[in-house]
Structure formats: structure tokens, C-alpha cells
Amino acid sequence: MSSIEEQVIAWRHHLHQTPEFGFEEVKTSDFIARKLEEFGIEVHRKIGRTGLVGVLKCGESDRSIGLRADMDALKVTEENDFAYKSQTDGMMHACGHDGHTTMLLGAAHELATHRNFDGMVYFIFQPGEEHGVGAKAMIEDGLFDRFKIDAIYAMHNLPGVPEGHFVTNPGSIMASESSFEIEIIATGGHAAMPHMGTDPIVVGAQIVLALQTITSRNLSSIHEPAVISVTEFTTNGTTNVIPSSATIKGDTRCFTDEALAKIEAAIERVVAGQCVSAGVEYKYSFQNTFLSTINTPKETAVAVRVAKAIAGEGNVDGEAPPFTISEDFSFMQRKIPSCYVLVGNGQEGEKGGTALHKPFYDFNDNILMTGVRFWSELVSDQLTKV
Ligand SMILES: [Zn+2]
Ligand SMILES: [Zn+2]
């Protein structure tokens with residue numbers, strides 16, 4: 001085992017023991033900053049609160065590349081029982097961001113040691129990914145104004161895929177996530193005399209059914225796959241009282257910004273139409289948390305080429321179907337060209353095969369060096385020394 005491999009495993013276990021929630025990654029960002037400084041990398045802190053950026057320049061070229069890792073943990077109680085399990089009750093690295101941070105730190109070490117590139121590398125350590133707030137905070141703090149980054153790449157582990165295999169595609173790789181809330185304001189009344197008032201349950205039930213016509217009638221069945229799920233329906237009624245209000249909440253996913261805009265408008269159109277026909281009022285709000293993760297073709301071709309060099313031709317799927325999970329890297333993707341790749345954490349039933357966000361999940365140490373090599377190769381591929 002090479003000494004860098006031993007080091008990255010030790011870093012990963014340290015980070016796993018000290019998980020921190022989004023925007024609270026104080027010890028984590030201190031640890032990263034200390035390591036980057038040890039490697040001789042310039043560190044810029046407090047970009048997006050606990051976020052930080054390491055800058056490594058080599059040669060005279062003005063070409064640049066951004067590599068992004070996420071740092072935050074989840075409010076999940078760890079049920080693993082190994083020596084490096086979480087030391088914080090109710091908090092664990094259940095999404096492998098300890099591994100992502102470590103792979104990027106390992107690459108920073110290798111690139112700072114060998115300096116086999118010509119240009120500028122930005123190591124971007126992002127806080128608060130899980131709740132869709134960290135990427136936006138870094139952008140608002142001038143990530144792309146303070147640093148001229150030509151293209152940005154991110155990597156996430158994926159349980160259920162053989163360890164060290166790569167998965168991506170040159171378009172929408174993950175869904176957007178938005179939530180909506182509809183409040184129907186009626187008059188209600190005695191259950192025996194519905195004609196004396198207006199009933200929010202009957203109109204609410206019609207809205208629930210009509211919302212399903214958006215995916216089947218308003219969006220292309222081929223180009224605009226989407227999910228609209230009503231997840232809550234509550235009222236202030238009781239057995240013999242027709243309520244005066246009903247609240248409907250739900251969640252929607254889709255794969256393009258155009259489909260997202262259509263869904264937001266279509267839900268309101270359905271709600272407005274049903275409410276007018278029933279003679280009731282409504283309030284409507286729509287909240288987007290994640291945009292869809294959309295890769296640019298040129299950067300995806302680069303990532304696929306590098307992944308094939310690392311993992312072997314047959315172990316890279318560069319045309320994978322999209323996933324309905326979400327990522328806030330999507331907000332960075334709206335700013336500059338980008339690619340998001342997934343790296344297999346291990347097949348189900350094998351090491352690394354436990355699903356993300358589960359209390360028995362653990363990032364697979366066997367893929368740490370795969371990630372280090374991928375990042376290092378990507379930099380030397382894009383910032384070739386001439
Ligand atoms: Zn997660
Ligand atoms: Zn994650």
C-alpha cells in the first residue's frame with residue numbers, strides 16, 4: 001500500500017468520526033485548510049460560510065479547472081460498529097461526503113507534489129449540499145467572480161454500482177426537486193347542509209386528480225419525464241363539519257429548466273381553474289430546492305475519456321439513464337461548463353453496497369485512490385504541460 005493510500009484512508013476515517021451538518025463544517029474546513037496549507041496550496045476561506053477554495057498554480061498558462069467536493073453530513077444516527085464510527089450522536093456521514101472531501105484532498109496532495117500540469121487548479125470544498133444551500137452560498141460569495149474557472153467537475157459515490165466503475169451522461173443526469181403548497185379557502189359548514197357553504201375537500205380532491213394530467217397531457221412523454229406527487233392533504237374539518245380550509249402539499253421532479261417552468265405554471269393553472277369552478281379562494285406557493293443536474297457534452301466527453309483511462313473501457317457508462325435524486329452542484333452548472341460523474345461504491349450485498357442516507361451506509365475506502373487518480377488525471381488531461 002502506497003503511503004498516499006494509507007494517508008487518505010486515515011483522513012477519511014478522521015472525517016467520518018467528526019461529521020458536521022451543513023454550514024456547521026467548522027472542524028472539517030479547519031482540517032481541510034490545514035492539509036492544503038501543508039501541501040503548499042493557497043487557501044481562501046469563508047466562501048459560502050464554511051466553504052473554502054484551494055488554489056494551485058503551475059506554469060504560465062491561463063487555463064483553469066475547478067474540482068468540487070461536498071463536506072456536510074446528515075442528521076442520521078450511525079448504526080455501524082467499526083472503530084471510526086461517528087463520535088457525534090445523531091449525526092453521520094451517510095452520503096459519503098467524507099470520501100468526496102478525502103479524494104479531493106488526496107488529489108490536491110498529488111498535484112502539489114508532482115506539479116505535472118500547466119495552469120490553475122481550484123479545489124472547491126462546498127458546505128451544505130444536502131439541503132441545497134451550499135452551492136448557492138458559494139456563488140453568492142463570488143466563487144465565479146473571484147476565480148476565473150473555465151469548467152467545473154464534481155464526483156459522487158453511488159452504491160449499487162461495482163466499486164470503481166464510473167457512470168455519467170452528456171445531459172440531464174439528475175432531477176430537479178421542488179415542493180408546492182396549495183391552500184384552499186372555503187366557507188365550510190354543517191355536514192348535513194353542504195349547499196349552505198363551499199367545500200374545500202371536494203375541490204381539493206379534484207385538484208389532486210387534475211394535477212396528474214400535467215405529466216400526461218402537458219409534458220412530452222419522451223423529452224419531459226416528470227413526477228408530481230401529492231404527499232399531504234389536511235383540513236380543519238371534523239366528522240360532522242365541512243372544513244373551511246384544506247392544505248395540499250407535494251413534491252415534483254423533472255429534468256430540464258423548461259419542464260420545471262411548465263410544471264410551476266401548470267399547477268397554478270389547475271388550482272385556479274378548479275377553485276373558480278367551485279367558487280373558493282386559494283393561495284399557492286412553489287419552492288425550488290435543486291435544479292436538474294445537467295452536464296455539458298464537451299466536459300462529459302473529457303470526464304468519460306479520463307474515467308476510461310483510470311477504470312478501463314468496459315467499466316465506464318458514459319450514456320447512463322438519469323436518476324431522480326438531486327444535487328445542488330446544479331446551481332454551479334448554470335454558471336460555467338461542467339460535468340458530474342458518479343463512481344461505484346460497491347454492488348448491493350457487497351462492501352459499499354448499502355444505499356445512501358441509511359444508518360449502515362459507509363463510503364468504500366477501496367475507491368479512494370480511484371477518485372484521487374481521476375482528479376489528478378483530469379487535471380493533467382485538461383492542463384497539459386507543453
Ligand atoms: Zn445525500
Ligand atoms: Zn451526497
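Both ligands and their constituent atoms are indexed starting at 1 by order of listing.
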Undergrad: Just wondering, do Phe31 and Thr18 contact through their side chains at under 4.5 Å, heavy atoms?
TA: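 The answer is no, as the side chains (C-beta and beyond) never meet within the 4.5 Å cut-off.
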Undergrad: Among Ile, Leu, Val, Met, Phe, Trp and Tyr joined by side-chain contacts under 4.5 Å, find the other residues sharing a cluster with Phe23 and list them by chain and number.
TA: Val133
Undergrad: What do the steps show when you test Asp30 against Arg45 for salt bridge (charged side-chain N to carboxylate O under 4.0 Å, His left out), and what is the final call?
TA: CA-CA 9 Å; Asp30 282 349; Arg45 302 198 62 174; 2.9 Å; yes
Undergrad: Is Lys298 atom NZ crowded by more than 12 heavy atoms from other residues, nucleotides or ligands, each under 6.0 Å away?
TA: no
Undergrad: Measure the acute angle between the ring planes of Phe39 and His109, then classify it against the limits of 30° and 60° as parallel, tilted or perpendicular.
TA: perpendicular
Undergrad: Restricting to non-hydrogen atoms, name the atom on Glu130 and the atom on Cys95 that form the minimum distance, rounded to 0.1 Å.
TA: OE2-CB, 3.1 Å
Undergrad: With the Zn ion (ligand 1) as the centre, enumerate protein N/O/S atoms below 2.8 Å in chain and residue order.
TA: Cys95 SG, Glu130 OE1, Glu130 OE2, His357 NE2
